Amino acid sequence: MLAQRHARIREIEALGFRSYGQRFDFTHTIPQILAGHGSMTGGELEPTIQVKVCGRIQTMRRMGKAGFAHLLQLGEKLQVYIRKDAVSERDFALYQLLDIGDIVGVSGYLFRTRTGELSIHAGELTFLAKTLLTMPEKWHGLEDVETRYRQRYLDLIANPEAQKVFITRSRVIASLRRQLEARGFIEVETPMMQPLYGGATARPFVTHHNTLDVDLYLRIAPELYLKRLIVGGLDRVYEINRNFRNEGISTQHNPEFTMLEFYQAYTDYQGLMDLSVELLRQTAMDATGSAIVEYDGRRLDFSSIRRLTMREAVIEFWMDAEGPSLENVRDPDWLKRHSSKATPGEMLVDLFERVAEAHLYEPTIIYEYPVETSPLSKNSLDDPAFVDRFEIYVAGMEIGNAYTELNDPQEQRRRFEMQLTMRERGDEEAHQMDEDYVRALCYGMPPTGGEGIGLDRLTMLLTNSRSIRDVILFPLLRPEGPIGIADELRALDDGGAAS
RNA sequence: GGGCCGGUAGCUCAGGCGGUAGAGCAUCUGCCUUUUAAGCAGAGGGUCGCGGGUUCGAGUCCCGCCCGGCUCACCA
């Protein structure tokens with residue numbers, strides 16, 4: 001097959017075409033043609049409209065002295081009609097040599113076929129690039145998930161809906177940027193390689209800088225750097241970038257993933273709740289055209305987001321009919337009877353995760369978190385065992401985490417020391433002491449609200465994708481091993497040189 | 001890491017009580033000037049994921065390994 005296609009390059013060149021062509025100045029993209037002329041009748045297409053389009057050949061139906069092909073560009077297709085008496089002899093010879101997957105340019109006029117399909121009546125063909133490998137089958141597309149992830153380019157060619165997912169992803173990110181900029185946030189970039197990792201509980205990837213001879217960690221979160229910027233007086237900052245966590249892979253976890261983090265001085269977690277509700281609603285609108293989307297057969301309404309405390313969620317979703325009372329979930333002894341964790345706060349979180357989390361299908365904000373699991377959040381005024389923090393859950397997934405930032409350096413020092421104790425007890429994920437961060441707080445950080453939103457997961461929800469790998473162009477997989485294409489190409493090259 | 005499922009032609013998939021491997025699309029040849037899962041006639045194409053074992057004989061049975069999916073654990 002490879003040899004056959006390779007030989008065809010010479011035949012195409014013998015006709016005077018370049019097998020790998022030059023720039024092509026099209027007049028319209030295929031989506032533009034469909035949008036602009038898709039609803040015009042055959043009659044309205046006269047006088048003729050001349051266009052130049054280009055794309056990849058998706059299908060071919062040859063009928064002797066004429067034929068049809070579908071040209072695919074940007075996930076949409078336009079039919080091309082080529083007939084012997086409408087093109088030059090040379091172009092017709094080229095048409096006969098075309099393979100599905102070749103990239104060509106076509107100039108001609110628009111018309112409707114007998115069956116009513118908008119098509120381009122070819123007057124001239126331009127050869128732009130040759131495919132040497134066969135394309136996936138036309139009506140199933142490429143289904144093998146491993147190939148789809150490893151060879152994403154093939155997935156994007158063969159499955160138009162795969163392109164749509166990544167276009168929506170781009171819209172999600174653009175929408176959030178636009179909304180934050182409109183509110184006076186500025187986009188910043190903070191280190192991906194950090195001497196100390198922090199801002200989340202996770203195991204890091206380690207790398208090494210040769211000249212400085214130091215180990216560095218790929219960041220697990222940008223949080224501590226962004227808050228240094230708040231200290232510095234950049235009152236509203238955000239960053240959209242990758243975090244790296246050296247942990248398991250699943251349908252909801254990829255080792256590198258994209259987070260939006262934003263920090264707003266002089267607000268608190270209540271202010272961020274209101275902002276989040278607005279951001280999510282508008283992002284859903286911008287990405288999908290509606291605040292109501294379908295996910296896995298169920299309805300998600302981003303325009304009405306419930307707010308529940310963690311304790312209320314435990315009560316509401318309790319597995320038995322006779323749920324606990326508010327007094328129960330406040331009572332350390334009651335909690336101890338239902339969880340084996342070390343402290344009342346950890347017990348409550350444990351219960352919440354077991355009882356409620358999977359049921360949080362409709363977009364829901366959960367607030368009032370215990371202090372033990374939140375080393376960087378500010379204590380609640382009315383209960384120092386809790387912090388002013390909330391998380392956003394949709395379809396059973398956590399997609400956002402926000403809190404009033406702890407800005408008291410003494411308290412922050414004590415929290416870090418508490419984490420160090422946990423670390424000594426063997427908790428690898430406990431937070432490290434970051435003295436420069438404490439020093440920054442010593443200069444005074446204004447009251448601040450900070451939030452992180454997982455953009456991969458948000459994109460999953462807005463594209464109806466069940467796996468995070470479907471919204472990451474190149475998800476991490478084990479390396480593939482030898483492919484052998486270089487050897488095959490070299491063999492063809494040697495053969496060509498010899499002949 | 002555990003459990004379950006999968007890997008057969010370029011693609012999508014069948015098949016199998018152990019006996020020389022199948023279809024559709026794609027490819028090649030011929031016919032066909034409005035087709036659209038175009039059609040008709042013919043042809044080629046496979047170390048059945050890899051390695052061992054059992055057997056006269058393994059794609060099929062057994063063991064190990066590789067790759068992937070789902071799921072549980074951990075996390076966002």
Side-chain angles (χ1 to χ4, degrees), chain A residues 1-5 7-8 42 57-70 77-87 92 95 99-101 111-119 121-122 131-151 154-155 157-159 199-204 220-221 223 242-261 353 357 373 391-394 396-401 427-429 452-458 460 466-470 475 477-482:
Chain A
M1 177 62 68
L2 196 66
Q4 198 176 74
R5 294 283 170 90
R8 194 157 277 177
I57 297 172
Q58 189 190 29
T59 60
M60 291 270 273
R61 291 173 294 285
R62 293 185 226 257
M63 296 174 297
K65 301 189 184 64
F68 292 90
H70 272 116
K77 59 187 184 178
L78 178 67
Q79 183 168 258
V80 179
Y81 177 53
I82 297 151
R83 46 188 292 169
K84 194 166 193 208
D85 54 14
V87 297
F92 197 76
Y95 149 76
D99 287 303
I100 289 171
F111 76 112
R112 273 194 192 276
T113 61
R114 196 170 285 162
T115 54
E117 180 167 346
L118 182 70
S119 306
H121 201 291
T131 179
L132 295 177
L133 298 170
T134 49
M135 291 294 138
E137 194 214 21
K138 61 186 162 196
W139 61 84
H140 294 98
L142 180 66
E143 307 233 316
D144 184 88
V145 287
E146 184 173 351
T147 310
R148 288 186 42 224
Y149 298 150
R150 287 196 194 280
Q151 295 176 256
L154 253 195
D155 184 33
I157 292 168
N159 302 326
T201 51
R203 276 147 57 201
I220 59 172
E223 170 157 355
R242 230 64 67 78
N243 290 343
F244 306 87
R245 298 188 187 172
N246 204 341
E247 293 174 344
I249 296 176
S250 79
T251 49
Q252 293 171 33
H253 302 83
N254 193 61
E256 55 176 310
F257 64 102
T258 302
M259 279 274 277
L260 161 67
E261 284 206 14
E353 286 172 353
E357 193 169 352
T373 55
E391 294 194 336
I392 306 167
Y393 286 87
V394 188
M397 288 191 293
E398 183 193 329
I399 64 158
N401 178 22
D427 184 348
E428 269 186 87
E429 298 189 347
I453 295 179
L455 297 188
D456 311 280
R457 288 183 178 178
L458 181 57
M460 287 170 66
R466 251 61 110 232
S467 170
I468 200 167
R469 292 182 210 96
D470 293 325
L477 299 177
R478 279 206 159 76
E480 186 179 4

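Every chain is numbered from 1, with letters handed out A, B, ... down the list of sequences. Keep in mind the model is a prediction, meaning the values are calculated, not measured.
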What is the nucleic acid contact for [X], judged by heavy atoms within less than 4.0 Å: base, sugar-phosphate only, or nothing?
{"X": "A:T251", "value": "sugar-phosphate"}
{"X": "A:I399", "value": "nothing"}
{"X": "A:E117", "value": "base"}
{"X": "A:T201", "value": "sugar-phosphate"}
{"X": "A:R478", "value": "sugar-phosphate"}
{"X": "A:N246", "value": "nothing"}

Sidechain N-carboxylate O distance under 4.0 Å for A:R148, A:D470: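 Salt bridge between A:R148 and A:D470, a charged N being under 4.0 Å from a carboxylate O: yes.
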Presence of salt bridge, A:E480 and A:R150, under 4.0 angstrom: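 Salt bridge between A:R150 and A:E480, a charged N being under 4.0 Å from a carboxylate O: no.
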Work out how far the [atom1] atom of [N] is from that of [M], and round it to whole angstrom.
{"N": "B:rC28", "M": "B:rG64", "atom1": "P", "value": "45 Å"}
{"N": "B:rG52", "M": "B:rG57", "atom1": "P", "value": "15 Å"}
{"N": "B:rC4", "M": "B:rG45", "atom1": "P", "value": "40 Å"}
{"N": "B:rC13", "M": "B:rG18", "atom1": "C1'", "value": "24 Å"}

Under the rule for salt bridge (charged side-chain N to carboxylate O under 4.0 Å, His left out), what residues qualify as partners of A:E398, not counting sequence neighbours?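 Expected list: none.
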Does any N or O donor sit under 3.5 Å from an N or O acceptor when you compare the side chain of A:E137 with the base of B:rG24?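 Pair found.
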5'-to-3' dot-bracket of RNA chain B (Watson-Crick, G-U; under 3.5 angstrom; crossing pairs as [ ]; | other strand): (((((((..((((.....[..)))).(((((.......))))).....(((((..]....))))))))))))....
Between A:E247 and A:P479, name the one whose nearest nucleotide on RNA chain B is closer to the 5' end.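 Taking each residue's closest nucleotide, the earlier one in sequence belongs to A:P479.
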For A:Q252 and for A:S467, find the nucleotide of RNA chain B with the closest heavy atom, then tell me which residue's nucleotide is more 5'.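 Here A:S467 is the residue nearer the 5' end.
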Nearest to the A:V145 side chain among B:rA76, B:rG68, B:rU35, which nucleotide is it?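 Among the listed nucleotides, the one closest to the side chain of A:V145 is B:rG68.
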Name the orientation class of the two ring planes belonging to A:H121 and A:F111 (parallel below 30°, tilted from 30 to 60°, perpendicular beyond 60°).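 Geometry flag for A:F111 against A:H121: perpendicular rings.
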Indicate whether OP1 or OP2 belonging to B:rA26 is found under 4.0 Å from a side-chain N or O atom of A:K138.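 It does, given that an N or O in the side chain of A:K138 lies less than 4.0 Å from OP1 or OP2 of B:rA26.
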What heavy-atom pair brings A:L154 and A:P136 nearest, and what distance separates the two atoms?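 The answer is CD2-CD, 3.6 Å.
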Rounded to the nearest 0.5 Å, how far apart are NZ of A:K138 and CD of A:Q58?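 Atom-to-atom, A:K138:NZ and A:Q58:CD are 9.5 Å apart.
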For nucleotides 27-34 of chain B, print each protein N/O atom paired with a nucleotide N/O atom at under 3.5 Å, atom names and distance only.
unit_1 : atom_1 : unit_2 : atom_2 : d
B:rU27 : O3'    : A:Q4   : OE1    : 3.4
B:rU27 : O2'    : A:Q4   : OE1    : 2.6
B:rU27 : O2'    : A:Q4   : NE2    : 3.4
B:rC28 : OP1    : A:R8   : NH1    : 2.8
B:rC28 : OP1    : A:R8   : NH2    : 2.5
B:rC32 : N3     : A:G64  : N      : 3.2
B:rC32 : N4     : A:G64  : N      : 3.2
B:rU33 : OP2    : A:K65  : N      : 3.1
B:rU33 : O2     : A:R83  : NE     : 2.9
B:rU33 : O2     : A:R83  : NH2    : 2.9
B:rU33 : N3     : A:D85  : OD2    : 3.2
B:rU34 : O2'    : A:R114 : NE     : 2.9
B:rU34 : O2'    : A:R114 : NH1    : 3.1
B:rU34 : O2     : A:R114 : N      : 2.6

